[in-house]
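First the structure, in the form of structure tokens, and then the observations on it.
Counting starts at 1 for both ligands and their atoms, following the listed order. Position 1 is the first residue of the sequence, and the numbers go up from there.
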Amino acid sequence: MSIRFVDSTGQFVLETADTCYQMKVDEMGYLQHLYYGSKIGQNDMSYPFRTYDHGFSGNPYEMRLNRAYSLDSMAQEFTSFGVGDYRVTSFRASFSDGSRCAEFHYVSHEIVEGKYAIPGLPSVYDNGESVHTLIITLKDFAVNVEVKLYYGVFEELNIITRAVEIVNTGKDIVWLRKASSMCLELPFGKWDMIHFHGRHCMERQPERVPLFHGVHTLSSGRGMSSHQHNPFIILCDRDANEDAGKCYGVMLMYSGNHKTEVERDQFDGVRIVTGVNDDRFRWELTAGASFYTPEVILTCADGLTQLSHNYHRVIRRNVVRGEYKLSHRPVLINNWEATYFDITEEKVMAIAEKAKALGIEMFVLDDGWFKNRNDDNAGLGDWVPDTDKLPNGLDGLIAKINALGLRFGLWIEPEMVSEDSDLFRAHPDWAMTAPNRAPMMSRNQLVLDLSRQEVHDYLFATISGLLEKYNISYIKWDFNRSISDVYSHSIPSPRQGEVAHRYYLSLYKLYDRLTKQFPYVLFEGCAGGGGRFDAGMLAYSPQIWCSDNTDPISRLKIQYGTSFGYPACTVGAHVSASPNHQTGRKTPIHTRGVVAMSGTFGYELDLTALSDEDCAQIKEQIARFKELEPMIHSGKLYRLSRMSDSTHYVAWQYVSEDQDRALLNIVVTNPLANSAPVHVRLKGLLPDAVYSVGGEFECRGAALMSGGYTFPRLTGDYPAVQLDIIRIK
Ligand code: DGJ
């Protein structure tokens, strides 16, 4: 059993293969956090805590004569609010008598087999492995609010999930103003934080900063998890690196407005609170009602590599669902960067024919296929094929593509509406707009108010209608603006603070219904590239378009940042044209192929305009990717170079699950004259096994991991090498 309650001490002990999490109910009934870290046997981890009289840190009434006892300095599992803990809080509410204070005391707990689910929200699920759930109920009797803390312990995966249910056990309405998914405390130590910031076309750039005193806030209020701040952070020892040092991952499984606060307090303790963004949040909790928070996926590991492996495994096996979970993802050609809106059946067929000849398996028709969509100013909402562009309709085109032996995929952006559309003319109130105010426009489009049931039903009917009518194997589900003017014309004014979260409850339900009804359709998430790249979306779309920036050199950094939390099988990556359309950079097709292979792999360029030489390389790349895909998608990734170093190359490696095979990748980003040779130490091999290294020589795993490998001199425009390391003995 991975969860124990020690009656004599009031302690909860949660254990995974390599980690331990401890908390305890103290003499006042508060749930104190004691420890999260490596396994420590049966040890009671309350011993390092010493309490002092901290003067201005006050004391609960019953403890008024014990000045060393203060909520303000205590490590806690779920915090109070307004009663003397002045650090960031996990909970805020206002009550019918106008008060805004709450503190939660232990009431009961329950330990159950298997993993809890969260009504209406995606969560990590169990596949029959050893998983247990702990539910601890806390209560504030003065305001009649119960808080249920959920802990899911995935023993073999070294993963602990957390979520919270807040229940109004009284008779009056409670207005929730902050309902975080967890509070995690690191009471001792000196920590760096790694977070993943960015912008459109440059998502998930890792930034490592030492924690200062005060609160670091990483959030999105853009109505999506965002290009700017991924809902994932790492806290690590100051000297932690890929191989060593304590590292904690905090990944919020949510695609909407989120907020993570990391506070280093006056006594150097660190508190992390994460969940739905509380800015503009206000939720009416009626008598007897529950509010469920999104889930947090926690891991603790020695070294960043192990932390990433823990996330890769859990996302691959316990987050992603459906037929494509662990199976081959079709190598696709997407026409976007080949034609943009200028689609004709002739052009599409010419690209598709060439694609088939090269070994591509699926054609994806991107934006521009529907009525009145000649640029990005109009047409969203009316999902009817443009017969000027496609004279044989979508069915005619699909039949021809299928006849070539290719599957067909389609782009849609269902959550949006253009003012110049039949849908908007019929239902202007379905768009998110604030009263008496011209809405902020972005890409000249508006966001549909998905919190409305009619909008949800309309989208389900429209998308399922397309999937029923046409032979569609794949959907690219785009989302090309941030949400503003958040307001629902169907919700009473005091409850407008619910709209942003209700939007996502409805979106998740929509995805859930569609993926259940059409299990054979592969969904690829997208939001102007990787603006909604999060574990919440991955529960429905096994892959997400990683960035609108397809330049391989930019992608090295984007995919590097993404790799800390998310496995390669979730990363939508394509070979595009050179010069690249976003950066103007020229790169060899080989390099573009090497970089795109660290993802789901496909092409996005005009195949009919390529030289015979490039086409021959594409043919080889596809055959090679199909051979390498099981290792890249299910094996282990090792980052061999640090992006923050001023190195002139990026190197990374995959190792197959059975460690019989590895793939060493390098791209030279800045060739230097007369430089020292590039040398890397390999990782993750079997020490005693003998490997053939690129067919060049044979070597023991131990030697390659200690003595490393020296690359031949690589010069020219962004050269790349992909080296096979294959076990022979
Ligand atoms: C943004 C996406 O990320 C692109 O790949 C493309 O689908 C465009 N939208 C189409 O409008």
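For Glu604, no nitrogen or oxygen atom sits less than 3.5 Å from a nitrogen or oxygen atom of ligand 1, counting backbone and side chain alike. Considering backbone and side-chain N/O atoms, Asp478 comes within less than 3.5 Å of an N/O atom of ligand 1. The shortest N or O to N or O distance between Cys526 and ligand 1 is not below 3.5 Å.
Residues Ser598 and Tyr654 bring a donor and an acceptor atom of their side chains to less than 3.5 Å of each other.
With contacts defined as side-chain heavy-atom distances shorter than 4.5 Å, the pair Met224/Ile483 does not qualify. A 4.5 Å side-chain heavy-atom check between Phe533 and Arg204 finds at least one atom pair inside the cut-off.
Within ligand 1, the atoms closer than 4.0 Å to a non-hydrogen atom of Lys476 are 4 (C), 5 (O), 6 (C), 7 (O), numbered from 1 in the order shown. Near Asp548, with a cut-off below 4.0 Å to any heavy atom, the atoms of ligand 1 are 1 (C), 2 (C), 3 (O), 4 (C), 5 (O).
Geometric assessment of Arg425 against the ring of Trp430 yields a negative cation-pi assignment under the 6.0 Å and 45° thresholds.
Salt bridge status for Asp388 with Lys371: absent, with no side-chain N to carboxylate O gap under 4.0 Å.
Atom NZ in Lys389 sits 7.5 Å away from atom CZ in Phe341 (nearest 0.5 Å).
Heavy atoms of His200 found under 4.0 angstrom from ligand 1: none, in either backbone or side chain.
Residue contacts with ligand 1: Glu524 is excluded, as none of its non-hydrogen atoms falls under 4.0 Å.
The heavy atom nearest to atom 6 (C) of ligand 1, out of those in Ile412, Asn335, Asp366, is found in Asp366.
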